[in-house]
There are 2 protein chains.
Amino acid sequence: MQSAVHSQQPAYSERQSAVLDSALRLLVDGGERALTTAGVARAANCSKESLYKWFGDRDGLLSAMIGFQASKVRTFDDAADMLTARGLREHLVLFARDLLEVLAGEVSLALNRLAIGQASREGSKLGLMLQERGRRQIGKRAGVLLDAGRRAGLLSFDDGEEAYDALYGLIVSDLHLRMLLGEDSGRMARDFGHRAERAVAAFLRLHGREKGSAQP
Amino acid sequence: MQSAVHSQQPAYSERQSAVLDSALRLLVDGGERALTTAGVARAANCSKESLYKWFGDRDGLLSAMIGFQASKVRTFDDAADMLTARGLREHLVLFARDLLEVLAGEVSLALNRLAIGQASREGSKLGLMLQERGRRQIGKRAGVLLDAGRRAGLLSFDDGEEAYDALYGLIVSDLHLRMLLGEDSGRMARDFGHRAERAVAAFLRLHGREKGSAQP
DNA sequence: TCCAGTCAGTACCGTACGGTACGGTTCGCA
DNA sequence: TGCGAACCGTACCGTACGGTACTGACTGGA
């Protein structure tokens, strides 16, 4: 538990990244029970002693895995130079699909399960970390999108946070939790396109100012 | 794993219910790691042998805990004899507050964490069970409410499932996940009233037919 | 009064995991 | 060539847990 939470730069060497990759693979395949120090060492062809030298602790390894994965799925801030209602709608749908696909990713699901399992334990920090790296990051992307839409006179809302909350809820609903509980994520992934369109249409009926923006 | 999933009746004796209560308390206080067979036996003043006789297995104990808790929080089907827009709105707000408070309950959170932790393991069944007993039950209550609203000409939607999905998303958004990740549920519980009102207002703007129903 | 069933309490066993220590090997560098 | 650092592989230790077996106490019925 010596790793700083505010470590902004990855600071992981090539070898350590490979180890973290192996660890993530192991976690995805077998859940937390399969993520033993001996198992990670064996899968990554390294020694347990090196694991403890690099990450200090098992919790340090878990934190490193979250930080590592978050640094890999960096959300790109897509262009905010659109002005038409159609452009905004398309960007929102794209955001919705990206969000759903990120949440349905097997690594994301495994890490969320891991953090939730550790949440009861005191000093979890993993949950906060996952939220800071995950939700806050992707929420920032949505924030600039919504703000740009409002500046362009296409959206109307008072509190950006509340508007994003509604957008997120319409897109995801309880789907994330159902996937975390074990429902087949691949089966419902085929519906993501339709779901994204539907959620964005509803959101625009709530906060859109353009009259024709609600109907496709 | 011999307990039938479709066990409709509780079928737990007084003594066993007390044991399950102790186990739930233990789970809430210390998380899954505290839920050892020896710990349950000690907390409930019973022997481990009795535990294995009654529940067969540790998984059997977990399943019994979920079933037991679900049987305790039976959702009441509130009256569907309202016709006015105001009545529907009030019932929806009541439903939203109940939903939020159930989800924020410490026992609910602990059981969800438990089921999610077991979800990676094959043959979890706990996640499916939790969903069947939880979401499906409370979803039924919302279903009759929405159908009654539509029959009264107050709501307009094609697919009841989609409408409920939107309602659920607007109410909960990612709040459930954040609580599962360890965010202080007590602190955000003070906002449930406001949140319920806001979500229902948005839902009525989406699916309400009465012109004045959107604004409080 | 005896008997059978139930249950609490406890001791026990096998296993698995986190963490540490040690020998042997490779690699960079002077 | 010699040296030291990093590291792999493995053996080891203490602990904790799931599950089983055994003993003694209590209870209700014949």
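The shown structure was predicted, so the numbers you read here are calculated from the model rather than taken from an experiment. So you know, we letter chains A, B, ... as the sequences are listed, proteins then strands, and number each from 1. Heavy-atom basis, side chains included; hydrogens, waters and symmetry copies ignored.
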The salt bridge (Lys or Arg N to Asp or Glu O under 4.0 Å) partners of B/E49 (sequence neighbours excluded) come to none
Nucleic acid footprint by protein, nucleotides 3-20 of chain D - heavy-atom cut-off 4.0 Å, B for base, S for sugar-phosphate alone: ----SBB-------SBBB
So, are A/D165 and B/R195 salt-bridged, with charged N and O less than 4.0 Å apart? yes
Taking all heavy atoms of A/Y168 and all of A/H176, pick out the closest pair and write down the distance. OH-ND1, 4.3 Å
Mind calculating the distance between CG (B/L51) and P (C/dC7) to the nearest angstrom? 11 Å
Got A/R15 and A/S50 here, is their nearest side-chain heavy-atom distance under 4.5 Å? no
Which residues satisfy the ring-ring contact (aromatic ring centres under 6.0 Å, His included) test with A/H207, sequence neighbours excluded? A/F203
